[in-house]
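Just below is one structure, and these are the notes that go with it.
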Amino acid sequence: MPYDIRHVAAAFLGGIAVTYTIYELSTHLRKSHEDPLSKATSKDAATFKDHLGIESTIGNTPLIVIKSLSEATNCTILAKCEFLNGAGNSPKDRVALSIINRAEEEGLLTPYSGDTIYEGTVGSTGISLATLARARGYKAHIVMPSDQAHEKSDLLRKLGAIVDRVPPAPIVDQAHFVNRARNLAAAHTADTDRKGRGLFADQFENDANWRAHFEGTGPEIYAQSAAGGGVDAFVAGAGTGGTISGCAMYLKSQVPDIRVVLADPAGSGLYNKVKHGVMFHGLEREGTRRRAQVDTVVEGIGLSRSTRNFEVGSDAIDDAVKVSDAQAKRMARWLCERDGIFVGSSSGVNCYAAVKTALELGPGHRVVTILCDSGMRHLSKFWKQVGEIGGEDDMTFEELMED
């Protein structure tokens, strides 16, 4: 039977339609892998472009008045609630995101390629990196001292990170947790049989750290405090130095006479660095003293060496307050019982130093500090020593502030 030209034309056009449909489907699937919002309508994409993924929960944390401390000092004690950052629940979320973003821009990280982020940390930065690594398509390998609370390493493992808990060692020792992380990253990159590359996050020396606070935390504090009359002092500890440096440099660019105060725990040399210009003794070269850090229950802040992130903003730091373990524990207990604020050891140090600063400035001043992380990460160590919370607290303000 001879072919009808109409049937031939219909078959030809049908083939084109099928081919076009397959092409459109494959293109859609490819784009949907590249862009999580490709399945949404253009209206949805416009609506959620600023709320894409867990990264969008980082920053713009509240600045709250701590009522009990404000009433006791006749000043306004304000706290930046960095434990409400939504990825790793600490200010290190900002740092981790900044490090990853800049590494991607420089071509040092490629998502879903097997690239692994290595870091030496006491916990919080590792948790933030492990969380964001999951969100961005990377692996995480965290090295931390074995004397840190187990809640942190347990959480890291739940996030899928490889965790090395290593004995505490001085920074000049290659077994130090930071040096081990650096060496592991270099070995990964050099091993041609391993998938992907190793990136050493290097939070202590990486400029992405202080810039995260210069570009984010500092401007937020300035904007949030402006409506109530501004800020007279900023008080913070230094774990890497990024928070106090970045915030100090930005705030002083806007409020030149603001007083910036370092809150420093037992065992740290930064208090002497600010007060006297040396970490230990004038005859000792920084970073070479071969001894373990003085024992302290405080985690996350305090250094026995100076870092790039501390040095970059050190000229903007006016004073320092030394805070003992007992003072940090009393402050943490006070905040929980009087204000319902349940925080970790570094926040106890920050708040104690903020109150000392307020008392020195006198009534009517406004002091901002940082609430770093929840007490949930400090149950087995810091809060075990603080003790049980219950009933009416009879601690007076004078007892709280005892030397």
Side-chain angles (χ1 to χ4, degrees), residues 80 82 91-92 94-95 98-99 120-122 124-125 170-172 178 201-219 221-222 231-289 293-294 296 298 300-323 346 349-350 352-354 356-357 360-361 367-370 372:
K80 184 73 165 154
E82 288 294 278
K92 298 303 184 181
R94 299 176 188 265
V95 175
S98 180
I99 289 172
T121 167
V122 298
S124 291
T125 304
I171 188 63
V172 294
V178 172
D202 199 14
Q203 60 170 324
F204 291 90
E205 309 299 326
N206 194 329
D207 283 339
N209 184 339
W210 69 263
R211 289 187 181 280
H213 299 291
F214 183 85
E215 297 167 1
T217 321
I221 289 171
Y222 177 70
V231 56
D232 299 299
F234 174 71
V235 180
T240 60
T243 301
I244 193 167
S245 287
C247 289
M249 288 190 291
Y250 180 83
L251 291 171
K252 287 220 167 181
S253 73
Q254 304 298 315
V255 189
D257 59 348
I258 189 174
R259 188 162 184 78
V260 176
V261 179
L262 170 75
D264 212 33
S268 173
L270 294 180
Y271 174 85
N272 285 332
K273 179 73 173 177
V274 172
K275 285 286 195 179
H276 309 297
V278 292
M279 290 293 288
F280 298 110
H281 188 279
L283 299 178
E284 292 181 306
R285 188 157 55 89
E286 292 180 13
T288 63
R289 189 172 188 177
Q293 180 172 314
V294 175
T296 176
V298 175
I301 57 173
L303 287 167
S304 58
R305 62 190 175 93
S306 195
T307 65
R308 161 69 181 169
N309 275 283
F310 184 80
E311 288 294 340
V312 74
S314 60
D315 288 345
I317 301 173
D318 302 297
D319 201 0
V321 174
K322 178 70 75 175
V323 182
S346 56
V349 172
N350 285 349
Y352 187 92
K356 290 278 284 188
T357 301
E360 290 178 5
L361 291 174
V367 180
V368 174
T369 192
I370 304 289
C372 303

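Residue indices begin at 1 and follow the sequence shown.
Contact of the Phe204 side chain with the Asn209 side chain is not registered, since no non-hydrogen atoms from C-beta on lie closer than 4.5 Å. Taking 4.5 Å as the limit, every side-chain heavy atom of Lys80 sits out of range of all side-chain heavy atoms of Pro91. Side-chain contact check for Asn309 versus Ser245: every heavy-atom pair is 4.5 Å or farther apart. Within the 4.5 Å cutoff, side-chain heavy atoms of Val312 are placed close to those of Met249. For the pair Thr217 and Tyr250, the minimum side-chain heavy-atom distance is 4.5 Å or more. Looking at Glu82 and Arg94, their side chains come closer than 4.5 Å, going by heavy atoms from C-beta outward. Side-chain contact between Ile317 and Ile244 is present, with at least one heavy-atom pair separated by less than 4.5 Å. Between Ser306 and Lys273 there is a side-chain heavy-atom pair separated by less than 4.5 Å.
Applying the side chain to side chain donor-acceptor pair (under 3.5 Å) test to every pair with at least one member in residues 253-262, sequence neighbours left out, gives these pairs: Arg259-Asp319.
Residues Lys252 and Asp315 are not paired through a salt bridge, judged by the lack of any N-O separation under 4.0 Å between the basic side chain and the carboxylate.
Ser304 places no side-chain N or O within donor-acceptor distance of the main-chain N or O of Ser268, the cut-off being under 3.5 Å. The backbone N or O of Glu311 lies less than 3.5 Å from a partner atom in the side chain of Ser314, making a donor-acceptor pair. A donor-acceptor pair is defined here as one N or O able to donate and one able to accept, closer than 3.5 Å; no such pair exists between the side chain of Gln203 and the backbone of Ala208. Side chain of Asn350 to main chain of Ala236: no donor-acceptor pair is present (N/O by atom type, distance under 3.5 Å, no hydrogens or angles). With hydrogens and angles disregarded, a donor-acceptor distance shorter than 3.5 Å links the side chain of Thr369 to the backbone of Val235.
Nearest heavy-atom pair, Cys247 versus Ile221, reported as atom, atom and distance to 0.1 Å: SG-CD1, 4.4 Å. Shortest non-hydrogen contact noted between Tyr222 and Val255 is CE1-CG2, 3.8 Å. Nearest heavy atoms, Tyr271 versus Leu262: N-CD2, 4.0 Å. Closest of all the heavy-atom pairs between Asn206 and Ala201 is ND2-O, 3.1 Å. Here the closest non-hydrogen pair linking Val321 and Ala353 is CB-CB, 3.9 Å.
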How far apart are the C-alpha atoms of Lys322 and Lys275, what are their side-chain angles, what is the distance that settles it, and do they pass the side-chain contact (heavy atoms from CB on, under 4.5 Å) test? CA-CA 11 Å; Lys322 178 70 75 175; Lys275 285 286 195 179; over 6 Å; no
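By the side-chain contact (heavy atoms from CB on, under 4.5 Å) test, Glu205 pairs with Asp202, Arg305, Thr307, Arg308, sequence neighbours left out.
The distance from the NZ atom of Lys92 to the CD1 atom of Ile99 is 8.5 Å, given to the nearest 0.5 Å. Here CZ of Phe310 is found 4.5 Å from CG of Leu270. Values are rounded to the nearest 0.5 Å. A distance of 11.5 Å separates OG1 of Thr240 from CD1 of Ile301, quoted to the nearest 0.5 Å.
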